[in-house]
Amino acid sequence: MPDPQQVTTVLLGTAASLAIFHTLIGVDHSLPFVAISRARGWSLSFTLLMTSVCGVAHVASSVMIGVVGLSLGISADSLLSLESSRGSLAAVLLISFGLTYAAWAFRSRTRRRNEAKHHAEFHGGSRASPWALFVVFALGPCEPLIPLMFVPGIARDWVAVGLIVAVFGILTIAVMLVTVTIGYIGIRQLSPFTMFRIRFNGDVVAGLIVAASGAAVFFLAI
């Protein structure tokens, strides 16, 4: 019979590896924040704050489903099916949000008559975009986390479950913060002409990038 401590150690290592890999290949974990922050003129600190909040919601929703499933004796297959459905829903919402945001930005840009009106129209979008990202991430699942929770959860080893959740959650959010920071700073290294074009078309481009991120998740399952 395997040593429970050895099993927990293996699971923690697996949780760490999957958290890093899952977040790095998931373009939806970073690109939307980079795109929206540059278009909206967010500071790096506010961008990282929003990334952290959305990351916590992203992990917490799967943890809640996993804990409820374990407590009620729901099978892992059923929970994984639910997570898969949530993943598809989150991708569709990300695509919808991106396209709607781009269309709104394009329509507002073409209708503005002066700089003052431009700022007034876009102020509402500045308030709406953080909440939209939060909702999408709260609905988005952490697919690798549920199976990891089930191994010790079936044995009612809640300490091990808590450790796995902590390792997976902390590393997921940490990698999100690092990749968003790299993207945020990287954009600032572009040429002045490119930066001017980004600022001028920023919201339209941001919406299309967000939609493309959702499409990558939906069609490529990354």
Side-chain angles (χ1 to χ4, degrees), residues 15-65 83 86-87 89-102 105 122-145 165-190 195 198-199 202-203 205-218 220 222:
S17 301
L18 288 177
I20 295 171
F21 182 72
H22 164 77
T23 309
L24 284 176
I25 67 170
V27 292
D28 59 316
H29 288 68
S30 56
L31 282 183
F33 297 102
V34 175
I36 296 296
S37 68
R38 297 309 297 165
R40 299 279 19 135
W42 293 351
S43 66
L44 178 58
S45 59
F46 183 76
T47 302
L48 295 181
L49 173 62
M50 285 307 307
T51 302
S52 300
V53 171
C54 291
V56 170
H58 178 55
V59 175
S61 62
S62 288
V63 172
M64 290 177 60
I65 289 176
E83 289 289 88
R86 289 207 311 137
L89 173 61
V92 169
L93 288 176
L94 204 57
I95 295 171
S96 301
F97 167 60
L99 293 178
T100 301
Y101 188 89
F122 274 67
H123 185 64
S126 179
R127 291 194 302 266
S129 49
W131 285 108
L133 284 177
F134 176 82
V135 170
V136 170
F137 269 81
L139 292 174
C142 290
E143 293 93 338
L145 183 56
V165 168
V167 168
F168 189 94
I170 290 172
L171 285 177
T172 294
I173 296 169
V175 175
M176 287 176 67
L177 292 174
V178 170
T179 52
V180 169
T181 299
I182 292 173
Y184 186 99
I185 295 175
I187 288 181
R188 301 181 68 176
Q189 308 308 312
L190 298 175
M195 283 301 298
I198 289 176
R199 289 193 186 100
D203 286 287
V205 173
L208 294 178
I209 290 176
V210 171
S213 300
V217 174
F218 187 82
L220 302 179
I222 61 175

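Since this is a predicted model, take the numbers as computed values, not measurements.
Across every non-hydrogen atom of Ala211 and Ile95, the tightest pair is O-CG1, 3.6 Å. Pairing each heavy atom of Ala91 with each of Gly214, the nearest pair is CB-O, 3.6 Å. The nearest pair of heavy atoms linking Ile173 to Ser52 is CG2-CA, 4.3 Å. Shortest non-hydrogen contact noted between Ala35 and Ala206 is O-CB, 3.5 Å. Summarising the geometry of Leu177 relative to Leu48, their closest heavy-atom pair is CD2-O, 3.5 Å, with the distance given to 0.1 Å. The two residues Ala15 and Phe168 have their closest heavy-atom pair at O-CD1, 3.6 Å.
Thr23 places no side-chain N or O within donor-acceptor distance of the main-chain N or O of Val175, the cut-off being under 3.5 Å.
Classification of the Trp42-Phe46 ring pair by plane angle, with boundaries at 30° and 60°, yields perpendicular.
Between the CG atom in Leu93 and the OG1 atom in Thr100 there is a gap of 10.0 Å [rounded to 0.5 Å]. How far CG of Asp28 is from SG of Cys54: 11.5 Å, rounded to the nearest 0.5 Å. The distance from atom CG of Leu18 to atom CG of Leu171, rounded to the nearest 0.5 Å, is 11.0 Å. Separating the CD1 atom in Ile25 from the CD1 atom in Ile20 is a distance of 12.5 Å, to the nearest 0.5 Å. To the nearest 0.5 Å, the span separating CD1 on Ile209 from CZ on Arg38 amounts to 12.0 Å.
Counting non-hydrogen atoms of other residues, nucleotides and ligands closer than 6.0 Å to CZ of Phe21 gives a total of 12 or fewer.
Considering only heavy atoms from C-beta on, Phe33 stays 4.5 Å or farther from Thr179 through its side chain. Annotation: side chain of Phe134 is in contact with side chain of Val53 (closest heavy-atom distance under 4.5 Å). Met50 places none of its side-chain heavy atoms less than 4.5 Å from the side chain of Leu133. Taking the side chain as every heavy atom from C-beta outward, Ser213 and Leu94 approach each other to under 4.5 Å. You'll find the side chain of Thr47 reaches within 4.5 Å of the side chain of Val180, heavy atoms only. In this structure the side chain of Met176 never reaches within 4.5 angstrom of the side chain of Ser30, judged on heavy atoms.
In this view, Ser61 and Arg86 satisfy the side-chain hydrogen bond (donor to acceptor under 3.5 Å, both in side chains) rule, not counting sequence neighbours. Partners of His29 under the side-chain hydrogen bond (donor to acceptor under 3.5 Å, both in side chains) rule, at least two apart in sequence or in another chain, are His22, His58.
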Carefully, step by step, assess Val210 and Phe97 under the rule side chain to side chain contact (heavy atoms under 4.5 Å, CB included).
-> CA-CA 8 Å; Val210 171; Phe97 167 60; 3.7 Å; yes
